[in-house]
Number of protein chains: 4
Amino acid sequence: MRVKDDKKHQAICDAAIELITTKGFADTSMSKIAKAADVSPATIYVYFENKEDLLNKIYLYVKEQTSRELLNGVKEEMSVKEYIKTVWYNFYKYAKKNPINFSFGEQFANSPLVDGISKEESLRYFQPMLDIFQRGKSEKVLKDIPLEIFAAFTFEPLKILLKQHFSEDFKLTKKHMETVFDIAWDAVTN
Amino acid sequence: MRVKDDKKHQAICDAAIELITTKGFADTSMSKIAKAADVSPATIYVYFENKEDLLNKIYLYVKEQTSRELLNGVKEEMSVKEYIKTVWYNFYKYAKKNPINFSFGEQFANSPLVDGISKEESLRYFQPMLDIFQRGKSEKVLKDIPLEIFAAFTFEPLKILLKQHFSEDFKLTKKHMETVFDIAWDAVTN
Amino acid sequence: MRVKDDKKHQAICDAAIELITTKGFADTSMSKIAKAADVSPATIYVYFENKEDLLNKIYLYVKEQTSRELLNGVKEEMSVKEYIKTVWYNFYKYAKKNPINFSFGEQFANSPLVDGISKEESLRYFQPMLDIFQRGKSEKVLKDIPLEIFAAFTFEPLKILLKQHFSEDFKLTKKHMETVFDIAWDAVTN
Amino acid sequence: MRVKDDKKHQAICDAAIELITTKGFADTSMSKIAKAADVSPATIYVYFENKEDLLNKIYLYVKEQTSRELLNGVKEEMSVKEYIKTVWYNFYKYAKKNPINFSFGEQFANSPLVDGISKEESLRYFQPMLDIFQRGKSEKVLKDIPLEIFAAFTFEPLKILLKQHFSEDFKLTKKHMETVFDIAWDAVTN
DNA sequence: AATGAATGAGGCTTCATTCAT
DNA sequence: CATGAATGAAGCCTCATTCAT
């Protein structure tokens, strides 16, 4: 039985995510996280080794949450297209529902703050995506291109457009979504 | 009186760019920049009002340099495809030649540290790209889609792959470049 | 958790008062106060919001201490003259006993560093003096003059002479005190 | 013939006085004085050894100017009362005409920033006041009290009330002036 | 004489972290 | 487990002054 208080752990994570996405990284200190989580600064160190550890754990937490949502309603029997389209729209729905978590994940994706280990581990969650990519290739539905190029024309454009959507530079409508998916699908299929 | 030393200005900019791209933003302080530029911390304030001003000016400097390189060898008479392909490869060449500046620009693109004014002004440099996009649409070569979607399937994939290339997650070869351009071109043309 | 240490709070106040009165205001920095109080600079910020807050709080603290001493042995039944004379000598005794606090109070009285709120609040402590002044006027003992003029010929001369006493320009003896009180009393009475 | 530019010297002094009285001492740096005087920081060092020297020289300059004004229209043949009354009103007129210089002088009177030498030298200018004080005593018009006590009941009350006038805590009218002079005169005469 | 560039020292404040209860 | 106190290091920036022209 653990005595540590899950509520506090959660409050700290939430506060950190919220602060980082709204105020930016430079303005997010341990004390501010503590204050926002209504907790003592020292308490953070009960749950996390240090700031780096906190950030890494949060990163993993967000990634895991994301990947769980991505597989909603997905079934092995689906065709490659159905499968990918479902994941695609799941991602869209997730981002719209959790804009803060989405932004957080994006902000950290290319940051030197997240160490190699965490990045690698975060890949684990995306195993199902890798599997479907391989199946698509072996079924000759998808072009024979590296995974990176596949991603660069499918989920990356979606991410970029969502980012712009949240920064209010561009409004990503449902109509756009259809167009964008069609373009992406054409791009990576034979 | 002493005269303002362009060497010093340049040294400060170079040091800042190098530090930010290699050590990350959080680990780049004014005094570290000063040390790297072999200059007193106070000297930075002779050339820049404060840290924010320094970052904005450097951002604009890099953007301007980038956009200048992008238009190398570009001519009005070119077809839309030739034009875009030239810019596309220019971007590739530029990134390979100036990996640090490229990374810097990417890191700052979505940062709250660059104020609105600088972002707006940086758009000015990309006017030629907007023009060719409009021409492509009016010539019915390009699909009738918003600029953002166009970019999301052309230059954004290239950026992503270059980023991965520099972070050594993926090697972007010349061969890949051809594939990638073809996919991009197919994606955004009728 | 550690408990807030009143000793530290006091040490910081004492150090600040001592430094300001002896070295002058311009030479009193937060780090010097910290060093004199044998405390880390950061510790000051546990007890005070910032430098301005520190100065205001100390100002109020000194003012309150002063006003408390002024009313020693004072009774409502006293005649106006007895009352004022008692306060008068109390002020003298206080200044002689706490030269540093006296000097501190004087140095700050007309300083822009003490914000309006603190000045107003400091007036609260002097309410008894205002009351006796009004009583003196209604009893026709005191001349019908504004408070400011009353003060300018009673406590202000005393302050000035005490200041000169401490700066060793002039020695204010007990004998002088009697003379000075007599002059002051004559000046403001009918 | 001196080549130094008196205009610049004057501009520096004026700027310093203005800044110190309006923005306070802590916010008055050499660079700010230079900027306000439309001069390079280095230029100040052509005219003054360092900051301390600048402040001392300005203090003397203001004191000298003040004492010159005080003797306006004063004649040896005047009675002690006429003489002192004239000086008294001269001081009032001077303060009203040059509020900034007046405030400056007051601000510095008890400051550790003005070294002993300057203070002593500033006394030189007030010799005529000492002379009339001695004459008043030998003529048995004035009480046989030390100079300091004499000043504490004559010019000091006036200074205090002027200070309050300028800080808008109290309006010192012509009517008040008559009352105040009468009180002062009564206080120090037999 | 006059100046803008240049700077080491130091200003105030916040940081990530540990201490002691 | 939980905490507010405590802190050395470091953050950004300005200062008084000197340099070099």
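Note: hydrogens, waters and symmetry copies are ignored here, and every other heavy atom, side chains too, is used. We name chains A, B, ... by the order of the sequence lines, and we start the count at 1 in each one.
Listed pair Y45(B) / dC15(F) fails the phosphate criterion, with no side-chain N or O lying under 4.0 Å from OP1 or OP2. Using a 4.0 Å cut-off, some side-chain N or O of K32(D) falls inside it from OP1 or OP2 of dC15(F). T43(C) has no side-chain polar atom (N or O) that falls below the 4.0 Å cut-off from OP1 or OP2 of dA5(F). K51(B) has no side-chain polar atom (N or O) that falls below the 4.0 Å cut-off from OP1 or OP2 of dC13(F). Residue S29(B) places no side-chain N or O under 4.0 Å from the OP1 or OP2 atom of dA10(F).
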Side-chain atoms of residues 31-38 of chain C: list all donor-acceptor pairs with protein atoms under 3.5 Å, sequence neighbours left out, distances to 0.1 Å.
{"unit_1": "S31(C)", "atom_1": "OG", "unit_2": "S29(C)", "atom_2": "OG", "d": "3.3"}
{"unit_1": "K32(C)", "atom_1": "NZ", "unit_2": "D27(C)", "atom_2": "O", "d": "3.4"}

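For the pair K35(B) NZ and dA6(E) P, the interatomic distance rounds to 20 Å; values are reported in whole Å. Regarding L19(B), its CG atom lies at a distance of 11 Å from the P atom of dG11(F), rounded to whole Å. The CG atom of D6(C) sits 10 Å away from the P atom of dA6(F) (whole-angstrom rounding).
Proximity note for V46(B) (side chain, C-beta onward) versus dA6(E), dC12(E), dG4(E): the nearest is dA6(E).
In terms of heavy atoms, K51(C) sits closest to T28(C) at NZ-O, 3.2 Å. Heavy atoms only, all atoms of each residue included: N50(D) and M30(D) are closest at C-CE, 4.2 Å. Here the shortest heavy-atom pairing between D53(D) and F48(D) reads OD2-CA, 3.5 Å.
In DNA chain F, runs of at least 3 consecutive Watson-Crick or G-U pairs, each pair with both distances below 3.5 Å, span E:2-21 with F:2-21.
Between Y61(A) and Q10(A) the shortest side-chain heavy-atom distance falls below 4.5 Å. Residues Y47(B) and V39(B) have side chains not in contact (no heavy-atom distance under 4.5 Å, counting atoms from C-beta outward).
Residue-to-nucleotide proximity on DNA chain E shows that, of D38(D) and D27(A), the 5′-proximal contact is made by D38(D). Each of T28(B) and E49(D) was assigned the nucleotide of DNA chain F with the nearest heavy atom; the assignment lying further toward the 5' end belongs to T28(B). Remark on DNA chain E: of its neighbouring residues S40(D) and P41(A), the 5'-side contact belongs to S40(D), judged by nearest-heavy-atom nucleotide.
F166(B) has its ring centre less than 6.0 Å from the ring centre of F102(B).
Y47(C) comes within 4.0 angstrom of the backbone, heavy atoms only, and of no base.
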